[in-house]
Amino acid sequence: MRFHILTLFPDMVEQGLHTSIIGRAVEKGLLAIEAVNIRDYTVDKHKKVDDYPYGGGAGMVMQAEPVYQCYEAVKKKIETKALLSNPGTRKNPRVIYLSPQGKTFNQTMAEEFAQEEDLVFLCGHYEGIDERVLNEVITDYVSIGDYVLTGGELPAMIMIDAISRLVPGVLHNDVSAEFESFQDNLLEYPQYTRPQTYLGMSVPEVLTSGNHQNIDKWRKEQSLAITKANRPDLLEE
Ligand code: 6GU
């Protein structure tokens with residue numbers, strides 16, 4: 001799977017995604033993460049990427065042209081790769097715009113995006129991006145929750161993390177992606193490791209009993225109780 005991130009802050013994205021599990025998956029060749037600097041596609045000699053909003057108001061708006069040129073360059077690169085690996089297939093990649101106005105990201109969307117060969121993320125800054133280039137290139141508008149951030153980079157990184165761990169081979173233990181939070185719309189049960197007593201608190205006896213039927217039953221009950229207490233909305237779905 002290949003991620004292409006169009007951003008004014010490529011270092012932020014590259015640094016954040018080349019560590020830990022995602023970084024290892026890149027080293028193994030399971031994922032490719034390429035941050036592309038929108039500023040490299042300005043035609044303006046001062047490399048200006050933003051301007052005042054028509055109609056007035058606070059802040060600056062990212063101009064359409066550098067974003068469009070950046071997108072065209074990335075699309076060409078994707079097409080060249082696709083023609084080499086499977087000639088005859090020609091489909092535009094999905095292009096995700098990160099914005100609080102989008103649909104809220106969830107596990108089902110992560111599973112759907114994980115089926116793609118290439119994904120393009122467009123990260124906005126300031127007061128957003130000229131609507132005309134969004135109309136032209138964007139296939140999916142996605143938000144990560146009901147709060148406002150300064151830019152789309154962190155949301156893109158969050159989405160890439162959630163999507164990547166569903167790519168076969170990225171997690172060591174390929175069953176662990178299945179038996180976890182949000183499977184069956186339930187939150188995860190609590191986990192314990194050694195020592196058996198810590199700060200006077202013992203590990204629940206059932207977990208050291210060796211009876212796997214009882215352990216499964218206990219975990220299921222815990223999942224239900226935690227979901228009921230913290231996220232009753234998940235049970236209603
Ligand atoms: Cl995707 N972008 C920004 N700027 N703020 C957000 C967001 C995205 N999702 C929640 N808040």
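Taking every heavy atom of both residues into account, Ser143 and Gly102 meet most closely at CB-O, 3.7 Å. Between Met60 and Asp50 the shortest heavy-atom distance is CB-OD2, 3.4 Å. When all heavy atoms of Gly124 and Ile129 are compared, the closest pair comes out as CA-CD1, 3.8 Å. Shown here for Val120 and Val74, the closest heavy-atom pair between the two residues is CG2-CG1, 4.1 Å.
The residues Glu117 and Lys91 are annotated as not salt-bridged, no charged nitrogen and carboxylate oxygen being separated by less than 4.0 angstrom. Glu221 has a carboxylate O that lies under 4.0 Å from a charged side-chain N of Lys217, or vice versa, which qualifies the two as a salt bridge.
Distance CD1/Ile144 to CD1/Ile158: 3.5 Å, rounded to 0.5 Å. In this structure, Lys77 NZ and Arg2 CZ are separated by 9.5 Å, a value rounded to the nearest 0.5 Å. The CD1 atom of Ile160 sits 8.0 Å away from the CE atom of Met157 when rounded to the nearest 0.5 Å. Taking CD of Glu153 as the start and CG of Leu98 as the end, the distance is 8.0 Å to the nearest 0.5 Å. Note: Glu116 CD to Ile163 CD1 = 9.5 Å, rounded to the nearest 0.5 Å. Here Leu119 contributes atom CG and Ile78 contributes atom CD1; the two are 9.0 Å apart, rounded to the nearest 0.5 Å.
The backbone N or O of Leu186 sits nowhere less than 3.5 Å from a side-chain atom of Asp184 that would complete a donor-acceptor pair. A donor-acceptor pair under 3.5 Å links the side-chain atoms of Thr42 to the main chain of Arg39, judged by distance alone. Gln63 places no side-chain N or O within donor-acceptor distance of the main-chain N or O of Asp51, the cut-off being under 3.5 Å.
Grouping the Ile, Leu, Val, Met, Phe, Trp and Tyr side chains by contacts below 4.5 angstrom, directly or via other members, places Ile215 apart from Leu224. Following chains of ILVMFWY side-chain contacts shorter than 4.5 Å, one can reach Tyr52 starting from Val67, so the two form part of one hydrophobic cluster. A single hydrophobic cluster is seen to contain both Tyr97 and Met109, as judged by linkage of ILVMFWY side chains at heavy-atom distances under 4.5 Å, directly or through other members. Placement of Leu6 and Val61 in two distinct hydrophobic clusters is found when ILVMFWY residues are connected by side-chain heavy-atom separations under 4.5 Å, directly or transitively. Taken together through direct or relayed side-chain contacts under 4.5 Å among Ile, Leu, Val, Met, Phe, Trp and Tyr, Tyr198 and Leu207 form parts of separate hydrophobic clusters.
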Please table the atom pairs, donor to acceptor, closer than 3.5 Å between any side-chain atom in residues 190-197 and protein atoms at least two apart or in another chain.
none

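Between Phe121 and Val142, every side-chain heavy-atom pair lies at or beyond the 4.5 Å cut-off. When side chains are defined from C-beta on, Val137 does not count as touching Lys75, because their heavy atoms never get closer than 4.5 Å. Using a 4.5 Å heavy-atom cutoff, the side chains of Thr227 and Asn185 are not in contact. Between Arg165 and Ile21 there is no side-chain heavy-atom pair separated by less than 4.5 Å.
Residue Phe3 forms a side-chain contact (heavy atoms from CB on, under 4.5 Å) with just one option from Ile33, Leu17, Ile22, and that option is Ile33.
By the neighbour-count criterion of 12 heavy atoms within 6.0 Å, atom CD of Glu72 is densely surrounded, having more than that number from other residues, nucleotides or ligands. Around atom NZ of Lys28, more than 12 heavy atoms belonging to other residues, nucleotides or ligands sit under 6.0 Å away.
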